[in-house]
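Written out below as C-alpha coordinates is the structure these notes cover.
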2 protein chains.
Amino acid sequence: MRHTDIQKRFESFLKERELKLTNPRRLIFERAFATHEHFSAEELYAALKDEPGEKVSRASVYRTLALLLEGGFLEALDTGGSELKYEHVLGHEHHDHMLCLDCGRIEEFHDERIEALQEENCKKRGFELVSHDLRLRGYCKACAKKRAKSASVD
Amino acid sequence: MRHTDIQKRFESFLKERELKLTNPRRLIFERAFATHEHFSAEELYAALKDEPGEKVSRASVYRTLALLLEGGFLEALDTGGSELKYEHVLGHEHHDHMLCLDCGRIEEFHDERIEALQEENCKKRGFELVSHDLRLRGYCKACAKKRAKSASVD
DNA sequence: TTATTTGCAAACCTTTTGCAAGTGA
DNA sequence: TCACTTGCAAAAGGTTTGCAAATAA
(Lines give C-alpha, C1' and ligand atoms only; values in the text may rest on other atoms or scores of the structure.)
Protein backbone atom coordinates (compact mmCIF):
# COMPACT_ATOMS: atom_id res chain seq x y z
CA MET A 1 0.00 0.00 0.00
CA ARG A 2 1.22 3.46 -0.85
CA HIS A 3 1.17 6.60 1.18
CA THR A 4 -1.68 8.18 -0.81
CA ASP A 5 -3.74 5.05 -0.32
CA ILE A 6 -3.38 5.15 3.40
CA GLN A 7 -4.30 8.81 3.40
CA LYS A 8 -7.49 7.97 1.59
CA ARG A 9 -8.15 5.21 4.03
CA PHE A 10 -7.74 7.64 6.88
CA GLU A 11 -10.25 9.99 5.23
CA SER A 12 -12.76 7.18 4.80
CA PHE A 13 -12.22 6.09 8.35
CA LEU A 14 -13.05 9.57 9.60
CA LYS A 15 -16.07 9.83 7.35
CA GLU A 16 -17.45 6.49 8.51
CA ARG A 17 -17.31 7.62 12.10
CA GLU A 18 -18.61 11.10 11.26
CA LEU A 19 -15.40 12.69 12.39
CA LYS A 20 -13.92 15.76 10.79
CA LEU A 21 -10.70 15.94 8.88
CA THR A 22 -9.15 18.81 10.75
CA ASN A 23 -5.77 20.38 10.33
CA PRO A 24 -4.33 19.00 13.59
CA ARG A 25 -5.43 15.51 12.60
CA ARG A 26 -3.91 15.87 9.18
CA LEU A 27 -0.61 17.10 10.59
CA ILE A 28 -0.38 14.36 13.18
CA PHE A 29 -1.27 11.71 10.67
CA GLU A 30 1.36 12.94 8.22
CA ARG A 31 4.01 13.07 10.87
CA ALA A 32 3.23 9.56 12.12
CA PHE A 33 3.65 8.19 8.62
CA ALA A 34 6.67 10.32 7.78
CA THR A 35 9.06 7.94 9.51
CA HIS A 36 9.57 4.22 9.78
CA GLU A 37 10.99 4.59 13.27
CA HIS A 38 9.17 3.90 16.48
CA PHE A 39 8.10 7.10 18.20
CA SER A 40 6.40 8.21 21.39
CA ALA A 41 3.56 10.71 21.70
CA GLU A 42 5.93 13.19 23.21
CA GLU A 43 8.43 12.77 20.39
CA LEU A 44 5.78 13.33 17.79
CA TYR A 45 4.58 16.39 19.67
CA ALA A 46 8.11 17.79 19.83
CA ALA A 47 8.67 17.13 16.14
CA LEU A 48 5.53 19.02 15.20
CA LYS A 49 6.52 21.85 17.48
CA ASP A 50 9.88 22.23 15.79
CA GLU A 51 8.38 22.25 12.35
CA PRO A 52 7.47 25.58 10.85
CA GLY A 53 3.78 26.17 10.41
CA GLU A 54 0.73 25.68 12.53
CA LYS A 55 1.26 24.25 16.00
CA VAL A 56 -0.70 21.35 17.41
CA SER A 57 -1.44 20.86 21.08
CA ARG A 58 -0.24 17.97 23.15
CA ALA A 59 -3.86 17.03 23.82
CA SER A 60 -4.57 16.68 20.12
CA VAL A 61 -1.54 14.50 19.68
CA TYR A 62 -2.71 12.09 22.35
CA ARG A 63 -6.28 12.17 21.12
CA THR A 64 -5.36 11.58 17.51
CA LEU A 65 -2.86 8.86 18.32
CA ALA A 66 -5.62 7.01 20.18
CA LEU A 67 -7.82 7.42 17.15
CA LEU A 68 -5.18 6.07 14.79
CA LEU A 69 -4.68 3.13 17.08
CA GLU A 70 -8.39 2.33 17.02
CA GLY A 71 -8.45 2.56 13.28
CA GLY A 72 -5.53 0.19 13.00
CA PHE A 73 -3.26 2.79 11.40
CA LEU A 74 -0.79 2.53 14.23
CA GLU A 75 0.32 -0.12 16.66
CA ALA A 76 1.53 0.50 20.17
CA LEU A 77 4.57 -1.07 21.73
CA ASP A 78 5.53 -1.01 25.35
CA THR A 79 9.30 -1.21 25.30
CA GLY A 80 9.63 -1.28 29.05
CA GLY A 81 10.41 2.40 29.35
CA SER A 82 7.87 4.80 30.78
CA GLU A 83 6.32 5.92 27.54
CA LEU A 84 4.47 3.96 24.90
CA LYS A 85 6.01 3.74 21.45
CA TYR A 86 4.02 3.78 18.25
CA GLU A 87 4.75 2.50 14.79
CA HIS A 88 2.67 2.78 11.67
CA VAL A 89 1.50 -0.26 9.80
CA LEU A 90 2.41 0.97 6.32
CA GLY A 91 4.91 -1.47 4.84
CA HIS A 92 5.19 -3.20 8.19
CA GLU A 93 3.72 -6.63 8.07
CA HIS A 94 3.00 -8.11 11.46
CA HIS A 95 6.19 -8.68 13.39
CA ASP A 96 7.56 -9.03 16.87
CA HIS A 97 10.37 -7.18 18.60
CA MET A 98 13.82 -7.64 19.99
CA LEU A 99 14.64 -4.86 22.45
CA CYS A 100 18.23 -4.05 23.32
CA LEU A 101 18.63 -3.51 27.04
CA ASP A 102 21.73 -1.46 26.44
CA CYS A 103 21.22 0.93 23.53
CA GLY A 104 17.44 0.71 23.27
CA ARG A 105 17.58 -0.45 19.68
CA ILE A 106 14.39 -2.06 18.44
CA GLU A 107 14.71 -4.90 15.92
CA GLU A 108 11.79 -6.48 14.19
CA PHE A 109 11.46 -10.14 13.34
CA HIS A 110 8.84 -12.57 12.28
CA ASP A 111 8.54 -16.32 12.44
CA GLU A 112 5.47 -17.98 11.06
CA ARG A 113 6.19 -21.14 13.03
CA ILE A 114 5.89 -19.24 16.30
CA GLU A 115 2.58 -17.77 15.21
CA ALA A 116 1.26 -21.20 14.35
CA LEU A 117 2.25 -22.57 17.75
CA GLN A 118 0.52 -19.68 19.48
CA GLU A 119 -2.67 -20.49 17.64
CA GLU A 120 -2.28 -24.14 18.52
CA ASN A 121 -1.97 -23.37 22.23
CA CYS A 122 -5.05 -21.14 22.11
CA LYS A 123 -7.15 -23.76 20.34
CA LYS A 124 -6.18 -26.28 22.95
CA ARG A 125 -7.67 -24.08 25.66
CA GLY A 126 -10.60 -22.62 23.82
CA PHE A 127 -8.99 -19.20 23.96
CA GLU A 128 -10.04 -16.97 21.08
CA LEU A 129 -6.88 -15.20 19.97
CA VAL A 130 -7.19 -11.58 18.87
CA SER A 131 -3.67 -10.27 18.98
CA HIS A 132 -0.35 -10.98 20.55
CA ASP A 133 3.01 -9.50 21.15
CA LEU A 134 6.26 -11.16 21.77
CA ARG A 135 9.10 -9.11 23.17
CA LEU A 136 12.61 -10.50 23.37
CA ARG A 137 14.87 -8.54 25.64
CA GLY A 138 18.62 -8.84 25.53
CA TYR A 139 21.60 -7.34 23.75
CA CYS A 140 21.79 -6.51 20.08
CA LYS A 141 24.74 -7.74 18.09
CA ALA A 142 26.76 -4.55 18.55
CA CYS A 143 26.11 -4.25 22.27
CA ALA A 144 26.72 -7.95 22.87
CA LYS A 145 30.13 -7.52 21.27
CA LYS A 146 30.91 -4.45 23.38
CA ARG A 147 29.88 -6.30 26.52
CA ALA A 148 31.98 -9.34 25.71
CA LYS A 149 34.99 -7.09 25.25
CA SER A 150 34.57 -5.18 28.51
CA ALA A 151 33.88 -8.40 30.40
CA SER A 152 37.21 -9.84 29.32
CA VAL A 153 38.95 -6.70 30.59
CA ASP A 154 37.33 -6.82 34.03
CA MET B 1 10.91 -25.15 46.57
CA ARG B 2 8.91 -24.62 49.71
CA HIS B 3 7.79 -21.48 51.40
CA THR B 4 10.33 -21.68 54.20
CA ASP B 5 13.10 -22.16 51.65
CA ILE B 6 12.17 -19.03 49.80
CA GLN B 7 12.04 -17.12 53.07
CA LYS B 8 15.56 -18.22 53.80
CA ARG B 9 16.62 -17.21 50.34
CA PHE B 10 15.13 -13.79 50.91
CA GLU B 11 17.09 -13.47 54.12
CA SER B 12 20.32 -14.46 52.39
CA PHE B 13 19.59 -12.07 49.58
CA LEU B 14 19.24 -9.21 52.04
CA LYS B 15 22.37 -10.22 53.91
CA GLU B 16 24.43 -10.38 50.72
CA ARG B 17 23.46 -6.85 49.86
CA GLU B 18 23.86 -5.64 53.42
CA LEU B 19 20.21 -4.81 53.68
CA LYS B 20 18.20 -5.17 56.84
CA LEU B 21 15.36 -7.55 57.42
CA THR B 22 12.82 -5.03 58.64
CA ASN B 23 9.23 -5.54 59.59
CA PRO B 24 7.77 -3.79 56.54
CA ARG B 25 9.94 -5.93 54.28
CA ARG B 26 8.87 -9.08 56.04
CA LEU B 27 5.19 -8.21 55.82
CA ILE B 28 5.36 -7.30 52.16
CA PHE B 29 7.30 -10.42 51.34
CA GLU B 30 4.81 -12.63 53.17
CA ARG B 31 1.88 -10.99 51.50
CA ALA B 32 3.40 -11.34 48.03
CA PHE B 33 3.89 -15.05 48.56
CA ALA B 34 0.55 -15.59 50.27
CA THR B 35 -1.30 -15.83 46.99
CA HIS B 36 -0.80 -17.43 43.62
CA GLU B 37 -2.76 -14.65 41.94
CA HIS B 38 -1.33 -11.74 40.05
CA PHE B 39 -1.45 -8.55 42.07
CA SER B 40 -0.62 -4.89 41.69
CA ALA B 41 1.35 -2.73 44.11
CA GLU B 42 -1.81 -0.94 45.07
CA GLU B 43 -3.65 -4.19 45.72
CA LEU B 44 -0.91 -5.44 47.94
CA TYR B 45 -0.87 -2.13 49.78
CA ALA B 46 -4.63 -2.29 50.29
CA ALA B 47 -4.44 -5.88 51.51
CA LEU B 48 -1.84 -4.99 54.11
CA LYS B 49 -3.89 -2.01 55.18
CA ASP B 50 -6.93 -4.16 55.80
CA GLU B 51 -5.02 -6.69 57.80
CA PRO B 52 -4.84 -6.20 61.52
CA GLY B 53 -1.43 -5.34 62.84
CA GLU B 54 1.30 -2.96 61.88
CA LYS B 55 0.67 -0.80 58.82
CA VAL B 56 3.12 -0.40 56.00
CA SER B 57 3.43 2.69 53.86
CA ARG B 58 2.78 2.81 50.16
CA ALA B 59 6.38 3.90 49.64
CA SER B 60 7.68 0.78 51.34
CA VAL B 61 5.46 -1.39 49.20
CA TYR B 62 6.86 0.10 46.01
CA ARG B 63 10.42 0.01 47.31
CA THR B 64 10.22 -3.59 48.47
CA LEU B 65 8.47 -4.78 45.34
CA ALA B 66 11.33 -3.32 43.31
CA LEU B 67 13.76 -5.13 45.55
CA LEU B 68 11.95 -8.44 45.14
CA LEU B 69 11.96 -7.96 41.43
CA GLU B 70 15.72 -7.41 41.41
CA GLY B 71 16.25 -10.49 43.51
CA GLY B 72 14.19 -12.57 41.12
CA PHE B 73 11.53 -13.33 43.76
CA LEU B 74 8.84 -11.68 41.68
CA GLU B 75 8.17 -11.11 38.03
CA ALA B 76 6.34 -8.15 36.59
CA LEU B 77 3.65 -8.35 33.96
CA ASP B 78 2.18 -5.49 32.01
CA THR B 79 -1.35 -6.61 31.22
CA GLY B 80 -2.19 -3.53 29.24
CA GLY B 81 -3.98 -1.84 32.08
CA SER B 82 -2.48 1.16 33.83
CA GLU B 83 -0.82 -0.67 36.68
CA LEU B 84 1.88 -3.33 36.63
CA LYS B 85 0.99 -6.77 37.93
CA TYR B 86 3.33 -8.96 39.90
CA GLU B 87 3.51 -12.69 40.44
CA HIS B 88 5.86 -14.66 42.60
CA VAL B 89 8.08 -17.34 41.17
CA LEU B 90 7.40 -19.99 43.80
CA GLY B 91 5.93 -22.99 42.05
CA HIS B 92 5.64 -21.00 38.86
CA GLU B 93 8.03 -22.26 36.26
CA HIS B 94 8.60 -19.85 33.39
CA HIS B 95 5.43 -19.32 31.42
CA ASP B 96 3.70 -16.89 29.14
CA HIS B 97 0.26 -15.33 29.41
CA MET B 98 -3.12 -15.27 27.75
CA LEU B 99 -5.02 -12.13 28.74
CA CYS B 100 -8.78 -11.99 28.41
CA LEU B 101 -9.90 -8.69 26.93
CA ASP B 102 -13.30 -9.09 28.49
CA CYS B 103 -13.00 -10.34 32.07
CA GLY B 104 -9.32 -9.64 32.61
CA ARG B 105 -8.58 -13.26 33.40
CA ILE B 106 -4.92 -14.21 33.18
CA GLU B 107 -4.07 -17.72 32.00
CA GLU B 108 -0.60 -19.13 31.99
CA PHE B 109 0.82 -21.42 29.37
CA HIS B 110 4.15 -22.74 28.27
CA ASP B 111 5.42 -24.24 25.05
CA GLU B 112 9.00 -25.34 24.83
CA ARG B 113 8.86 -25.31 21.04
CA ILE B 114 8.13 -21.58 21.03
CA GLU B 115 11.04 -20.94 23.36
CA ALA B 116 13.36 -22.88 21.08
CA LEU B 117 12.25 -20.90 18.06
CA GLN B 118 12.86 -17.65 19.89
CA GLU B 119 16.39 -18.72 20.62
CA GLU B 120 16.85 -19.76 17.02
CA ASN B 121 15.77 -16.34 15.78
CA CYS B 122 18.12 -14.59 18.17
CA LYS B 123 21.11 -16.72 17.18
CA LYS B 124 20.43 -15.91 13.55
CA ARG B 125 20.83 -12.20 14.30
CA GLY B 126 23.53 -12.33 16.92
CA PHE B 127 21.05 -11.07 19.50
CA GLU B 128 21.91 -12.23 23.01
CA LEU B 129 18.63 -13.20 24.60
CA VAL B 130 18.11 -12.40 28.27
CA SER B 131 14.39 -12.66 28.76
CA HIS B 132 11.18 -12.55 26.86
CA ASP B 133 7.49 -12.26 27.30
CA LEU B 134 4.74 -13.36 25.08
CA ARG B 135 1.27 -11.99 25.66
CA LEU B 136 -1.70 -13.39 23.82
CA ARG B 137 -4.74 -11.18 23.97
CA GLY B 138 -8.21 -12.40 23.19
CA TYR B 139 -11.17 -14.03 24.89
CA CYS B 140 -11.00 -16.83 27.41
CA LYS B 141 -13.18 -19.86 26.90
CA ALA B 142 -16.01 -18.57 29.07
CA CYS B 143 -16.04 -15.09 27.55
CA ALA B 144 -15.72 -16.43 24.01
CA LYS B 145 -18.83 -18.50 24.62
CA LYS B 146 -20.72 -15.52 26.01
CA ARG B 147 -19.74 -13.43 23.03
CA ALA B 148 -20.78 -16.08 20.53
CA LYS B 149 -24.18 -16.26 22.18
CA SER B 150 -24.82 -12.51 22.23
CA ALA B 151 -23.57 -12.19 18.64
CA SER B 152 -26.16 -14.67 17.44
CA VAL B 153 -28.88 -12.60 19.14
CA ASP B 154 -27.83 -9.34 17.51
C1' DT C 1 -25.60 26.60 11.42
C1' DT C 2 -24.11 23.48 14.76
C1' DA C 3 -22.03 19.35 16.26
C1' DT C 4 -17.36 18.27 16.45
C1' DT C 5 -12.62 19.71 17.76
C1' DT C 6 -9.26 22.36 19.58
C1' DG C 7 -5.99 24.38 23.06
C1' DC C 8 -5.20 25.24 27.62
C1' DA C 9 -4.52 24.05 32.07
C1' DA C 10 -5.91 21.40 35.63
C1' DA C 11 -6.66 16.71 37.00
C1' DC C 12 -5.33 11.89 37.12
C1' DC C 13 -2.85 7.78 38.38
C1' DT C 14 0.85 5.17 39.24
C1' DT C 15 5.28 5.42 40.85
C1' DT C 16 9.39 7.84 42.77
C1' DT C 17 11.85 10.77 45.93
C1' DG C 18 13.67 14.15 49.72
C1' DC C 19 13.96 14.34 54.29
C1' DA C 20 13.57 14.04 59.23
C1' DA C 21 12.59 10.53 62.50
C1' DG C 22 12.94 5.59 63.56
C1' DT C 23 15.25 1.10 63.94
C1' DG C 24 17.88 -3.30 63.01
C1' DA C 25 22.60 -5.27 63.45
C1' DT D 1 26.19 3.29 67.67
C1' DC D 2 24.99 4.54 63.09
C1' DA D 3 24.09 3.19 58.46
C1' DC D 4 20.10 1.69 56.58
C1' DT D 5 14.84 2.31 56.50
C1' DT D 6 10.64 4.13 57.16
C1' DG D 7 6.54 7.18 56.58
C1' DC D 8 4.93 11.25 54.91
C1' DA D 9 3.83 14.26 51.58
C1' DA D 10 5.34 16.43 47.69
C1' DA D 11 7.07 15.65 42.98
C1' DA D 12 7.39 13.35 38.81
C1' DG D 13 6.01 11.81 34.37
C1' DG D 14 2.94 10.23 31.05
C1' DT D 15 -1.72 10.65 29.79
C1' DT D 16 -6.59 12.25 30.19
C1' DT D 17 -10.24 15.56 30.70
C1' DG D 18 -13.52 19.82 31.40
C1' DC D 19 -14.58 23.75 29.23
C1' DA D 20 -15.01 27.83 26.42
C1' DA D 21 -13.58 29.28 21.92
C1' DA D 22 -12.77 27.82 17.14
C1' DT D 23 -13.94 25.28 13.02
C1' DA D 24 -15.25 21.71 9.38
C1' DA D 25 -19.18 20.17 6.96
Side-chain angles (χ1 to χ4, degrees), chain A residues 7 10-32 38-49 51 53-71 74 76-86 104, chain B residues 7-8 10-32 38-49 51 53-71 74-86 104:
Chain A
Q7 280 178 322
F10 181 47
E11 288 173 30
S12 317
F13 171 73
L14 292 176
K15 213 160 281 172
E16 270 168 37
R17 318 205 2 170
E18 303 191 308
L19 299 174
K20 294 174 181 169
L21 177 53
T22 63
N23 222 32
R25 280 182 182 148
R26 205 194 328 266
L27 290 168
I28 293 162
F29 177 85
E30 285 306 326
R31 190 72 231 163
H38 296 74
F39 60 90
S40 67
E42 216 55 34
E43 284 164 356
L44 192 152
Y45 173 62
L48 285 178
K49 204 173 206 169
E51 270 178 13
E54 207 172 316
K55 297 314 178 211
V56 167
S57 72
R58 182 176 266 112
S60 290
V61 168
Y62 279 97
R63 285 191 278 232
T64 302
L65 250 22
L67 195 61
L68 292 174
L69 220 43
E70 275 184 60
L74 296 181
L77 170 67
D78 174 8
T79 64
S82 49
E83 30 175 40
L84 260 191
K85 297 280 189 170
Y86 298 87
Chain B
Q7 280 178 320
K8 274 184 198 134
F10 182 46
E11 288 174 29
S12 317
F13 171 73
L14 292 175
K15 214 161 278 172
E16 272 169 34
R17 319 205 1 170
E18 303 190 308
L19 299 175
K20 295 173 181 171
L21 178 52
T22 62
N23 221 32
R25 280 181 184 151
R26 205 194 329 266
L27 290 168
I28 293 163
F29 177 86
E30 285 306 327
R31 190 71 232 165
H38 296 74
F39 59 90
S40 67
E42 215 56 32
E43 284 163 358
L44 192 151
Y45 173 61
L48 286 178
K49 204 172 208 172
E51 268 176 15
E54 208 173 316
K55 296 317 178 212
V56 168
S57 71
R58 181 176 267 112
S60 289
V61 169
Y62 279 97
R63 285 191 277 232
T64 302
L65 250 21
L67 195 60
L68 293 174
L69 220 43
E70 273 184 60
L74 297 182
E75 288 197 347
L77 170 67
D78 173 9
T79 65
S82 50
E83 29 177 38
L84 260 191
K85 297 279 189 173
Y86 298 87

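Chain naming here is simple, since letters A, B, ... match the order of the sequence lines and numbering starts at 1 in each.
- In this structure, OH of Tyr45(B) is placed 15 Å from C1' of dT16(C), rounded to the nearest angstrom.
- Distance check: Thr22(A) OG1 to Ile28(A) CD1 gives 7.5 Å after rounding to the nearest 0.5 Å.
- For dG7(C), the OP1/OP2 oxygens have a side-chain nitrogen or oxygen of Ser60(A) closer than 4.0 Å.
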Exercise. Could you please spell out the steps behind the side chain to side chain contact (heavy atoms under 4.5 Å, CB included) verdict for Arg31(B) and Val61(B)?
Key: CA-CA 11 Å; Arg31(B) 190 71 232 165; Val61(B) 169; over 6 Å; no
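- Electrostatic pairing of Glu54(A) and Arg26(A) does not count as a salt bridge here, judged by no charged N lying under 4.0 Å from a carboxylate O.
- Here the CG-CG distance, from Leu67(B) to Leu14(B), works out to 6.0 Å after rounding to the nearest 0.5 Å.
- For the atom pair OG1 of Thr64(B) and CG of Leu69(B), the computed distance is 12.0 Å after rounding to the nearest 0.5 Å.
- Checking Thr22(B) against Tyr86(B), the closest nucleotide of DNA chain C that is more toward the 5' end is the one next to Tyr86(B).
- Put simply, Tyr62(A) has a side-chain N or O that comes within less than 4.0 Å of OP1 or OP2 on dT15(D).
- Residue Leu67(B) contributes atom CG, which lies 13 Å from atom P of dT16(C) at whole-angstrom precision.
- Taking atom CD of residue Glu18(B) and atom P of nucleotide dC2(D), one finds them 16 Å apart after rounding to whole Å.
- Where Arg63(A) and Glu42(A) meet DNA chain D, the nucleotide closest to each residue was compared, and Glu42(A) sits on the side nearer the 5' end.
- Distance check, rounded to the nearest 0.5 Å: NZ of Lys15(B) to CZ of Arg17(B) gives 15.5 Å.
- Remark: P of dT14(C) and CG of Leu84(A) are 16 Å apart, rounded to the nearest angstrom.
- Distance check: Ser57(A) OG to Tyr45(A) OH gives 7.0 Å after rounding to the nearest 0.5 Å.
- Heavy-atom distances to DNA chain D give each of Leu19(B) and Arg58(A) a nearest nucleotide, and the one nearer the 5′ end belongs to Leu19(B).
- Atom CD in Glu54(B) sits about 8 Å away from atom P in dG7(D), given to the nearest Å.
- Note: CD (Glu83(B)) to C1' (dT16(C)) measures 16 Å, nearest angstrom.
- The CG-C1' distance, from Leu48(A) to dG7(C), rounds to 14 Å in whole Å.
- At a non-hydrogen distance threshold of 4.0 Å, Pro24(A), Arg25(A) from residues 24-31 of chain A come into contact with DNA chain C.
- Rounding to whole angstrom units, CG of residue Leu21(B) and P of dT6(D) are separated by 10 Å.
- For the pair Lys20(B) and Ala41(B), nearest-nucleotide mapping onto DNA chain C gives the more 5' position to Ala41(B).
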